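Contents: one structure, followed by commentary.
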Amino acid sequence: MPEITRRTLLAFTAVASVIEPTFAEAEGASPELRALIGAHEASYVELHRVVHQAGSSSHERKRADRVEQEALLAICSYPAISRGDRRAKADYLLTAEARGELDLEEHMQAILHSMKR
């Protein structure tokens, strides 16, 4: 069984109160949240392309990493008000967390602040 860290517990606690036992589907999510998720997915693919590209520079890798982190932070910060948005955001962030991506303090702060709005 994987080790449960404080970050994992905080991420789960932050979204657990807004999801049902089944995973969220993108249906019902607002166009704004779908656009943010699409932007993150595209930046994630681009990051991996740059990292694995022979001859990519350190500058290119840092830039791709920054773009991907900003896209993920935008999802964390999104004030999901509707039920569809809450479910889609929770599902997406739980998936990202399972890949080890929600590893910055800024991610957790943004999630918690978005819940206050």
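Given the structure is predicted, the values throughout are model-derived calculations rather than measurements. As a basis for the values below, the full set of heavy atoms in this structure was taken, side chains included, without hydrogen atoms, waters or symmetry mates.
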Student check: side-chain heavy atoms of Ser56 and Val51 closer than 4.5 Å: no
Verify same cluster id: Leu112, Tyr92 (apolar side-chain graph, 4.5 Å): yes
N/O donor-acceptor pair under 3.5 Å between Ser114 side chain and Ile111 backbone: yes
Arg63 and Glu60 ion-paired at < 4.0 Å: no
Beyond-backbone contact of Gln69 with Leu104, side-chain heavy atoms, under 4.5 angstrom: yes
Min side-chain heavy-atom separation Glu97-His107 under 4.5 Å: no
Heavy-atom pair of closest approach, residues Ile75 and Leu33: CG2-CD1, 4.5 Å
Rounded distance [0.5 Å steps], CG in Asp65 versus CD in Glu70: 10.0 Å
Where Ala29 and Arg34 come nearest, the two heavy atoms and their spacing: O-NH1, 2.6 Å
Closest non-hydrogen atom pair between Val67 and Ser43, with its separation: CG1-CB, 3.9 Å
Mutual orientation of the aromatic rings belonging to His52 and His48 [parallel < 30°, tilted 30-60°, perpendicular > 60°]: parallel
Distance in Å, Lys89 NZ paired with Met115 CE, rounded so as to fall on 0.5 Å steps: 8.0 Å
Spacing of Met108 atom CE and Cys76 atom SG [to the nearest 0.5 Å]: 6.0 Å
Closest contact, heavy atoms only, Ile81 versus Arg86: O-NH1, 2.6 Å
Smallest separation among heavy atoms of Arg49 and Glu46, with atom names: NH2-OE2, 2.6 Å
Verdict with reasoning, Leu72 to Leu102, per side-chain contact (heavy atoms from CB on, under 4.5 Å): CA-CA 8 Å; Leu72 183 56; Leu102 289 178; 4.0 Å; yes
Value rounded to 0.5 Å, distance of CG in Leu73 from CG in Leu36: 10.5 Å
